[in-house]
Amino acid sequence: MPRQRSERPNILLITSDQHRGDCYGFEGRKVRTPHLDMLARDGTRFSTCITPNVVCQPSRASILTGLLPTSHGVSDNGIDLPAETGEAGFAGALSRNGYITELIGKAHFSSYFTFQPTGTPECIESSAGFPEDWAGPYMGFQKTDMVLVGHNYWLPFKPPQGMHYERWYHGDGRGDEKNKLYKGHAPKTPTPQTFHSQLPEAWHNTTWVGNRAIDFIRTHRNEPFCVWASFSDPHHPFDAPEPWSRLHHPDEVDIPEHRTRDFERRPWWHRAAVENTPQLSGDLLKLRSEYSRIEALSEAQLRELTANYYGMISLIDHNVGRILTELDDQGLADNTIVIFTTDHGDWLGDHGLVLKGPMMYDGLLRVGMIVRGPGVPPGQVIKDPVSTVDLFSTILDYAQTSPGRQVDSRSLRPLIERQGQRDFAYNEWDLRAGRVGVALDLRTVRTQRHRMTIEVNSGAGELYDLQEDPHELHNRYEDPAHRNIRRELADMISQGRNGLPERRLPVVGTA
């Protein structure tokens, strides 16, 4: 029987990492996501939701704080979110107002690979100094149950390094054996960063996050709670454990029609971002050059990579189903706002590119967003352009909690309840030269029909009509016939910020 509904609902935020906005069954792609499809049918989804930044740390900090990247200062990976800014986020506000709050899985509010130890629990070197029983508080969450990194390009760190997942993974004394199983991969093609992992599903961090989220719901079923369950996949490397890595046959996956690196048709920074050398040295240069870039792939390689990417998503979907079933079993579904989204997408072959970088194609910029819960209409699709920065205000709105400060975020609840409208959503990225070898200041606006990005330092730009040109082939930025729409979109970019001062914080690492 459902538990008696309190005035304030529970909040369950579930996120994936590097998950394209079209990689859901309900979007028409051939990826198997039955539980997320059901969540979308039972709730409201936003079909034109973008990320405020297309890499991990800035976008996650914006979800937490309701601030745009140049407002909270984490304008790229390798820049740490100040503790006081994080503590003023939605988790801190709810913690101070009677909610039990916990972060499970990947946080990435602070940098992993740093020039020197930074003292945060997410810094790999500093993590060794945290006692085994440390569990927070962190960034406003009363408790954390963290995965440190979670991308098996680096296998789970041995204690004393690592956090809760890594200590659990190695805690039975069989960590080296598990790592050998992970390395027992046999790709069908020599596809970069694509493996058929032999690590059993039970030990995978996706399963661990699902298990911990279920434990949290059982433990706190009689208390108002806010939990962020944060999966580390389908971020590269593309390494789902078998049988999930083989759930989708490479011959049957969707790949882009246009897979050419046509830099001559693009603004100058596209080529520079791919061909320049990052301004780093030593191991950090190797990481940024080899881990963060994948050369142009053959069709067979792209199919193999995409099939494994789909498998990672399906394993997440499976665990989302387990978490939602636990809500049902505990009688909490009718009093819980469930939100599923991600931090950013992946090019996944668009224009011959894989992973992410300063080319704001829709596969990278647009993300999925589903909301289900009391008062949320089922089966509703909202086309108004919105951003995941709006989650801060949305969560506090449903929790009847004041933000207590000015933010860049606006609640999505009026749109869900069919009140008001949005004309555009805004994205920004202040890249230092360490990432792609040249400093860039990119400002992007997305409407239902158009996407425009301007590089502020040079004045160069790109403009695409997504209705007439959904694959973003024809840059209309200098087209006289698009002069008026370019002016309108430029006005939107100037309105994208909420008047808060821009903040530029020091770089402490690279990821």
* Full working for side-chain contact (heavy atoms from CB on, under 4.5 Å) between T444 and R451 -> CA-CA 7 Å; T444 297; R451 191 266 295 180; 3.9 Å; yes
* Begin with the C-alpha distance, continue with both residues' side-chain angles, and end with the deciding distance and a verdict on side-chain contact (heavy atoms from CB on, under 4.5 Å) for Y309 and I313. => CA-CA 6 Å; Y309 181 79; I313 293 171; 3.6 Å; yes
* **Over all atoms of both residues, closest heavy-atom pair of A40 and R45** => CB-CD, 4.1 Å
* To do: Could you tell me whether a side-chain N or O of N475 sits under 3.5 Å from a main-chain N or O of L463, the two making a donor and an acceptor?
  => yes
* Quick check: does any side chain N or O of H248 sit under 3.5 Å from a backbone N or O of R32, one acting as donor and the other as acceptor? -> yes
Over 60° means perpendicular and under 30° means parallel, so classify the ring planes of [Y] and [X], tilted if in between.
X	Y	result
H236	F238	tilted
Y24	F26	parallel
Y153	Y291	tilted
W208	W168	tilted

Interatomic spacing from [atom1] in [X] to [atom2] in [Y] - rounded to 0.5 Å:
X	Y	atom1	atom2	result
Y426	L68	OH	CG	6.5 Å
N308	S197	CG	OG	9.0 Å
H318	S314	NE2	OG	11.0 Å

Would you mind checking if [Y] and [X] are paired as a salt bridge, meaning a charged N to carboxylate O distance below 4.0 Å?
X	Y	value
R20	D254	no
E275	R261	no
D176	K158	yes
K356	D343	no

* T70 side chain to R497 side chain, donor-acceptor N/O pair below 3.5 angstrom -> yes
* To do: Apply the test side-chain contact (heavy atoms from CB on, under 4.5 Å) to residues R449 and L466: give CA-CA distance (whole Å), side-chain angles for both, the deciding distance (0.1 Å), then the verdict.
  => CA-CA 5 Å; R449 179 165 180 171; L466 300 173; 5.8 Å; no
* **From R432, R288, R435, residue fulfilling salt bridge (Lys or Arg N to Asp or Glu O under 4.0 Å) relative to D76** =>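 The residue from R432, R288, R435 that satisfies salt bridge (Lys or Arg N to Asp or Glu O under 4.0 Å) with D76 turns out to be R435.
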